[in-house]
*Asks:* 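Please read through the structure below; I'll follow up with questions.
Note that the structure is a prediction, hence the values are computed from the model and not measured. Atoms within each ligand, like the ligands themselves, are counted from 1 in listed order. Every heavy atom of this structure was used, including side-chain atoms; hydrogens, water molecules and symmetry mates were not.
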Amino acid sequence: MTTKELQDLIMEEKKKRNVCILAHAYLSHDIWEVADYVGDSYGLSLQAAKAPQETVVMGGVRFMAETVKLLSPEKKVLLANPLAGCPMADQITREKVLELKKQYPNHCVVAYINTTTDLKRAVDVVVTSSSAVTIMKNLPDKNILFIPDCNLGDWVQKQCPEKNFSFIHGGCPTHMKIHASTVEKAKALHPDALFAVHPECIKEVVALADYVGSTTGIMKFCKESDAKEFIIGTEQSIVQHLQMECPDKFFYPVSTDLVCHNMKMTTLVDVYHSVVGMGGEEIFLSDETIREARTCIDRMIELGG
Ligand code: 13P
Ligand code: SF4
């Protein structure tokens, strides 16, 4: 079977079975083409609550499928590839958060969305890379404990000098592989290129950027810019998507190491299997978990605009 034939089959089956396919921007282009919505973590959360279909297939990592379930508990939610997790989400547990709350008693605990559902039961508000600054500005609290990504936290802190931030050490192992020297090398090879970067990168890398933002933000910046060449400081798939969407521009990965193997797990066949009921993993969360973990997600949507 060709890719096109499989895509046609998925389109036919998802319509027949009333299935919505959500895909994170890091998924491959063949999956983008069959998805009802592609976007960053914030966009996916908003879409999850809106989708009219009864079944949602999430092409992304586990916390994303769990977020969909939290927002739409009445829907059947499937994670297309059950092995796709996020190593950052496993860096900190709910028990650790409860300990931290004792150490930081007068702090609002702000968690990156890349965390477990269990942890979300214990935090005050969740943020994503595209919504974090807006949420911080709208949050009445002055003292913030930002977990677990201290790189995203540092970028947010610089834009919110009115708040007092505390961090714990954590972050995305994929984005943290990039160092300032890697960027300097890429800039030397492509001196006319603009550098667009994700805030999960370390601060020395972020400091060298012409644009900093979420996956959707990076794509929008490159598409709308008059520049013709771009060095991309996020997962490599974004380079391919931009090449497909803007064939008259040139996109270079800042490093060939910037690959998230978890995001690469999901294939078009996994999506097909999930749509027709032959695969994927259905997400089950207890009513109590949904009630407790949803509060911080609802707050994200309320404060995120
Ligand atoms: P965004 O798409 O929200 O920028 O998230 C990037 C990411 O690393 C998701 O795991
Ligand atoms: Fe997790 Fe980083 Fe992969 Fe995103 S890119 S899923 S934060 S490991």
Side-chain angles (χ1 to χ4, degrees), residues 22-28 31-32 35 37-48 58-68 71 79-92 110-117 119-120 126-135 146-153 155-156 169-178 196-202 205-206 209 211-222 232-242 253-266 297 300-301 304-305:
L22 300 180
H24 185 264
Y26 289 155
L27 266 73
S28 54
I31 298 177
W32 275 43
Y37 179 84
V38 178
D40 63 15
S41 312
Y42 192 62
L44 289 171
S45 309
L46 298 183
Q47 204 59 34
M58 170 53 77
V61 293
R62 183 167 293 275
F63 77 81
M64 294 176 177
E66 291 185 355
T67 305
V68 176
L71 286 162
L79 174 61
N81 188 314
L83 295 177
C86 168
M88 171 157 37
D90 297 328
Q91 283 170 352
I92 173 164
V110 178
Y112 195 18
I113 198 164
N114 300 37
T115 42
T116 63
T117 299
L119 176 141
K120 288 183 177 94
V126 160
V127 296
T128 70
S129 56
S130 58
S131 62
V133 174
T134 309
I135 291 170
F146 194 100
I147 58 170
D149 189 341
C150 54
N151 299 307
L152 173 70
W155 176 69
V156 175
H169 187 74
C172 167
T174 303
H175 286 84
M176 280 161 70
K177 281 185 198 155
I178 307 308
V197 76
H198 197 282
E200 287 175 13
C201 286
I202 61 172
V205 167
V206 170
Y211 174 82
V212 187
S214 74
T215 50
T216 301
I218 290 174
M219 290 201 64
K220 189 166 182 287
F221 168 75
C222 296
I232 303 300
T234 193
E235 216 279 335
Q236 243 187 46
S237 54
I238 299 298
V239 174
Q240 285 135 31
H241 298 312
L242 281 165
V254 66
S255 157
T256 49
D257 282 342
L258 233 170
V259 174
C260 175
H261 296 289
N262 279 276
M263 286 287 185
K264 289 278 175 286
M265 292 300 304
T266 306
I297 311 254
M300 165 184 83
I301 293 174

*Asks:* Checking side chain to side chain donor-acceptor pair (under 3.5 Å) against Asp40, which of Ser214, Ser129, Ser131, Ser45 comes through?
*Replies:* Ser214
*Asks:* Taking a cutoff of less than 4.0 Å between a non-hydrogen atom of the residue and any ligand atom, is His24 in contact with ligand 1?
*Replies:* yes
*Asks:* In terms of residue, atom name and distance, what is the protein heavy atom nearest to atom 5 (O) of ligand 1?
*Replies:* Ser41 OG, 3.4 Å
*Asks:* One residue to check: Met88. Relative to ligand 1, which of side chain, backbone, both or neither has a non-hydrogen atom less than 4.0 Å away?
*Replies:* neither
*Asks:* Among Ile232, Ile218, Val254, Val205, which residue meets the side chain to side chain contact (heavy atoms under 4.5 Å, CB included) test with Val197?
*Replies:* Val205
*Asks:* Quick one: look at Thr128 and ligand 1, take heavy-atom pairs under 4.0 Å, and tell me if it's side chain, backbone, both or neither.
*Replies:* neither
*Asks:* Heavy atoms only, cut-off 4.0 Å: how does Glu200 contact ligand 2, side chain, backbone, both, or neither?
*Replies:* side chain
*Asks:* Number the atoms of ligand 2 from 1 as they appear, then name those within less than 4.0 Å of a heavy atom of Tyr26, with their elements.
*Replies:* 5 (S)
*Asks:* How does His198 reach ligand 1, if at all, at less than 4.0 Å between non-hydrogen atoms: by side chain, backbone, both, or neither?
*Replies:* side chain
*Asks:* Could you see which bit of Met64 sits under 4.0 Å from ligand 1, with heavy atoms only: side chain, backbone, both or neither?
*Replies:* side chain
*Asks:* Taking distance alone, with no angle check, do Tyr42 and ligand 1 share an N/O pair under 3.5 Å?
*Replies:* no
*Asks:* Below 4.0 angstrom from a heavy atom of Glu200, which ligand 1 atoms are there? Numbered from 1 as shown, please.
*Replies:* 6 (C), 7 (C), 8 (O)
*Asks:* Taking the side chain as every heavy atom from C-beta outward, state whether Ile178 and Ile202 have any atom pair closer than 4.5 Å.
*Replies:* no
*Asks:* Please confirm whether His261 approaches ligand 2 to less than 4.0 Å, judged on its heavy atoms.
*Replies:* no
*Asks:* Protein N, O or S atoms less than 2.8 Å from atom 1 (Fe) of ligand 2, ignoring waters?
*Replies:* Cys86 SG
*Asks:* Thr215 heavy atoms, cut-off 4.0 Å: which ligand 1 atoms fall inside?
*Replies:* 1 (P), 2 (O), 4 (O)
*Asks:* Can you find a pair of side-chain heavy atoms, one from Cys86 and one from Arg62, that are under 4.5 Å apart?
*Replies:* no
*Asks:* Using a strict 4.0 Å cut-off to heavy atoms of Ser129, name the atoms of ligand 1 that fall inside it.
*Replies:* 1 (P), 3 (O), 4 (O)
*Asks:* Do Thr234 and Tyr26 have side-chain atoms, one donor and one acceptor, less than 3.5 Å apart?
*Replies:* yes
*Asks:* Does any part of the side chain of Glu200, heavy atoms only, come nearer than 4.5 Å to the side chain of Asn151, both counted from C-beta?
*Replies:* no
*Asks:* So, do Ser28 and Ile31 sit near enough that their side-chain heavy atoms are less than 4.5 Å apart?
*Replies:* yes
*Asks:* For a 4.5 angstrom cut-off between non-hydrogen side-chain atoms, does Val126 reach Thr67?
*Replies:* no
*Asks:* Calculate, to the nearest 0.5 Å, the distance between atoms CE and CD belonging to Met263 and Glu235 respectively.
*Replies:* 8.0 Å
*Asks:* Provide the number and element of each atom of ligand 1 under 4.0 Å from a heavy atom of Ser214.
*Replies:* 4 (O)
*Asks:* Heavy-atom distance under 4.5 Å between the side chains of Thr174 and His261, does that happen here?
*Replies:* no
*Asks:* Are any non-hydrogen side-chain atoms of Phe63 and Thr115 less than 4.5 angstrom apart?
*Replies:* no
*Asks:* Parallel, tilted or perpendicular: which fits the ring planes of His241 and Trp32, with parallel below 30° and perpendicular above 60°?
*Replies:* parallel
*Asks:* Counting C-beta onward and ignoring hydrogens, is there a side-chain heavy-atom pair between Ile238 and Cys222 closer than 4.5 Å?
*Replies:* no
*Asks:* With heavy atoms under 4.0 Å as the rule, classify the contact between Asn114 and ligand 1 as side chain, backbone, both or neither.
*Replies:* side chain
